J.: 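Starting off with a structure, shown below.
Residues: numbered from 1 along the sequence shown. In this text, all values refer to a predicted model and were calculated from it rather than measured experimentally. FYI, side chains are in, hydrogens and waters are out, and symmetry mates aren't considered; it's all heavy atoms of this structure.
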Amino acid sequence: MIDGLVAGRLYGIAEQRSGQAGSVYVTCKLKVATDEGDTIMCNVITFQQAVRSALLALGDGESVCLSGALTPKVWTDKQGNTRPAIDLIAHAILSAQRGE
C-alpha cells in the first residue's frame, strides 16, 4: 500500500451508494495534473463520514486534496493507447468548501 496525498479537480459529481451489507460510501473521479502538463484520472472511494459529506458538497471542477491508500493502475483507451490511472481509498480531505 502507498499512503499518498492527491490534489486535483473533481470530474463530474460525487455519488453516494450503499453496499450489500448496508455500508454507505461515496465515489468520485479527480483529474490530477502531471508535471508534463497532462492529466491522470484518479478513481476515489471513501467510507469516512466527514470525507463523504465534504465530497458530496463539492461541484464539478472544484479543487480538492485527498489523502489515503493509493494504487497505481494502467488502462487502455479506445485507440489502444495505455494510460496511467490511480485508485484512492480516501480517509482525509482538504478543500475550500468543507461541507461540515
J.: When rounded to the nearest 0.5 angstrom, what distance separates OG in Ser53 from CD in Gln16?
T.: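 Output value for this atom pair is 8.0 Å.
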J.: Among residues at least two apart in sequence or on other chains, which ones pass salt bridge (Lys or Arg N to Asp or Glu O under 4.0 Å) with Asp60?
T.: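 Partners of Asp60 by the salt bridge (Lys or Arg N to Asp or Glu O under 4.0 Å) criterion come out as none, since no residue qualifies.
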J.: Could you tell me which non-hydrogen atom of Gly68 sits nearest to which non-hydrogen atom of Leu88, and how far apart they are?
T.: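 Between these two residues, the closest heavy atoms are C-CD1, 3.6 Å.
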J.: If hydrophobic clusters are built by linking Ile, Leu, Val, Met, Phe, Trp and Tyr wherever their side-chain heavy atoms come under 4.5 Å apart, do Val74 and Leu70 end up in the same one?
T.: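 Per the 4.5 Å side-chain linkage, Val74 and Leu70 are not co-clustered.
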J.: Begin from the C-alpha positions of Asp38 and Arg83 and carry the test side chain to side chain contact (heavy atoms under 4.5 Å, CB included) through to its verdict.
T.: CA-CA 11 Å; Asp38 200 6; Arg83 312 251 318 161; 4.0 Å; yes
J.: Is the number of heavy atoms from other residues, nucleotides or ligands under 6.0 Å of Gln79 CD greater than 12?
T.: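 Enclosed: over 12 neighbouring heavy atoms sit under 6.0 Å from CD of Gln79.
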J.: Please check if atom OH in Tyr11 has more than 12 non-hydrogen atoms from other residues, nucleotides or ligands closer than 6.0 Å.
T.: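 Not more than 12 within 6.0 Å, no.
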J.: What's the verdict on side chain to side chain contact (heavy atoms under 4.5 Å, CB included) for Leu10 and Leu30, showing C-alpha distance, side-chain angles and the deciding distance?
T.: CA-CA 5 Å; Leu10 198 62; Leu30 296 181; 4.0 Å; yes
J.: Could you report the tightest heavy-atom contact between Val6 and Cys42, atom names first, then the distance?
T.: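 Taking Val6 first and Cys42 second, the nearest heavy atoms are CG1-SG, 4.3 Å.
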J.: Would you mind reporting whether His91 and Ser67 have side-chain heavy atoms less than 4.5 Å apart?
T.: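 A side-chain contact under 4.5 Å exists here.
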J.: Enter the distance from Arg17:CZ to Glu15:CD here, rounded to the nearest 0.5 Å.
T.: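 Between Arg17 CZ and Glu15 CD, I get 5.0 Å after rounding to 0.5 Å.
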J.: OG of Ser95 to CG of Leu55: how many Å apart, nearest 0.5 Å?
T.: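 So the OG of Ser95 and the CG of Leu55 are separated by 8.0 Å.
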J.: Check the pair Glu62, Arg9 against side chain to side chain contact (heavy atoms under 4.5 Å, CB included), reporting the backbone distance first and the verdict last.
T.: CA-CA 5 Å; Glu62 290 195 69; Arg9 293 186 179 270; over 6 Å; no
J.: Can you see which heavy atom on Leu5 is nearest to which on Cys65, and at what distance?
T.: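 Scanning both residues, the minimum pair turns out to be CD1-CB, 4.2 Å.
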J.: So do Cys28 and Ile13 actually touch side chain to side chain, heavy atoms under 4.5 Å?
T.: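 Answer no - side chains too far apart.
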J.: Is it possible for you to say whether Leu56 and Ile89 belong to one hydrophobic cluster, with membership spreading through side-chain heavy-atom contacts below 4.5 Å?
T.: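 No, Leu56 and Ile89 fall in different hydrophobic clusters.
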J.: How close do Ala85 and Trp75 get, heavy atom to heavy atom, and via which atoms?
T.: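 Nearest heavy atoms, Ala85 then Trp75: CB-CD1, 3.6 Å.
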J.: Evaluate the side-chain proximity of Leu66 to Val51: yes if any heavy-atom separation is below 4.5 Å, no if none is.
T.: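 Side chain of Val51 against side chain of Leu66, heavy atoms only: contact under 4.5 Å found.
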J.: Can Ile40 be reached from Val64 by stepping across I, L, V, M, F, W or Y side chains whose heavy atoms are under 4.5 Å apart?
T.: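 As far as the 4.5 Å side-chain criterion goes, Ile40 and Val64 are connected within one cluster.
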J.: Ignoring hydrogens, what is the shortest heavy-atom contact between Ala7 and Val32? Give both atom names and the distance.
T.: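 Nearest pair, atom of Ala7 first, then Val32: O-CG1, 3.5 Å.
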J.: Report yes or no: does Arg52 contribute a side-chain atom to a donor-acceptor pair with the main-chain N or O of Thr46 at less than 3.5 Å?
T.: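 No, because the side chain of Arg52 does not come within donor-acceptor range (under 3.5 Å) of the backbone of Thr46.
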J.: Determine, stepwise, if the pair Thr39 / Thr34 fulfils side chain to side chain contact (heavy atoms under 4.5 Å, CB included).
T.: CA-CA 6 Å; Thr39 58; Thr34 68; over 6 Å; no
